[in-house]
Amino acid sequence: MKIRAVYPGTFDPVTNGHLDLIRRSSALFDDVVVAILRNTDKTPFFSTEERVEMLESVVRELSNVSVTTFEGLLVDFAEQIKASVIVRGIRAVSDYEYELQMALMNRRLSSRVETVFMMPAETYSYLSSRLVKEVSAHGGSVHGLVPALVERRLKRKHGEPA
Ligand code: PNS
């Protein structure tokens, strides 16, 4: 039986921590669908189209990984694409409480989808899209924390030479 995993998130923007988890998931599952949530209450820094384009570009070498967007409940989307696993990353204990709540709510909503928590490489244990945006907004370097393409896009958005 082939196992399809969905790796959902905001990815605003994708970081090397996300990419590390995508690589680990692609080695573990038959295929992985990276799913970007559309229409959140939050106003994203990068548009959905920009986030899809950046993610597609950085996962290009992984043949069993695809990128898409979703709306509504994650478990409904997972069932729709026949994914039986939701992958979520846990960086530190502080992530655990929120992730546990989501995993248990999702389990209540659908018993057919199992959440699997994975740890990114420790190098990325402090890394988040929010911090990346904050550092780059103030002209700090995010080199090595995000893919080169994302680094260039951040600089461009902030009006710096890429
Ligand atoms: O990258 P993020 O912001 O931590 O991702 C959160 C995400 C997109 C996984 C979560 O907000 C989500 O699944 N939203 C879809 C709506 C839903 O299913 N909500 C109930 C989850 S308990």
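Just so it is clear, the model here is predicted, and its values are computed rather than measured. In listed order, ligands and their atoms are each counted from 1. Because only heavy atoms are used, hydrogens play no part in the values below, and waters and symmetry mates are left out as well, while side chains stay in.
Applying the side chain to side chain donor-acceptor pair (under 3.5 Å) rule to K155 yields no partners; only residues at least two apart in sequence or on another chain are considered. With sequence neighbours excluded, no residue forms a side chain to side chain donor-acceptor pair (under 3.5 Å) with R156. Remark: F77 engages F70 in a ring pair (Phe, Tyr, Trp, His ring centres under 6.0 Å) (not counting sequence neighbours).
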### Step-by-step salt bridge (Lys or Arg N to Asp or Glu O under 4.0 Å) determination, R88 to D95
CA-CA 10 Å; R88 289 290 289 171; D95 283 337; over 6 Å; no
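A side-chain donor-acceptor contact under 3.5 Å links R38 and T69. Judged purely by distance below 3.5 Å, without hydrogens or angles, the side chains of E114 and S84 never pair a donor atom with an acceptor atom.
Listed by chain and number, P8, G9, T10, L37, K42, F70, G72, L73, L74, R88, M102, M105, N106 each place a non-hydrogen atom less than 4.0 angstrom from ligand 1.
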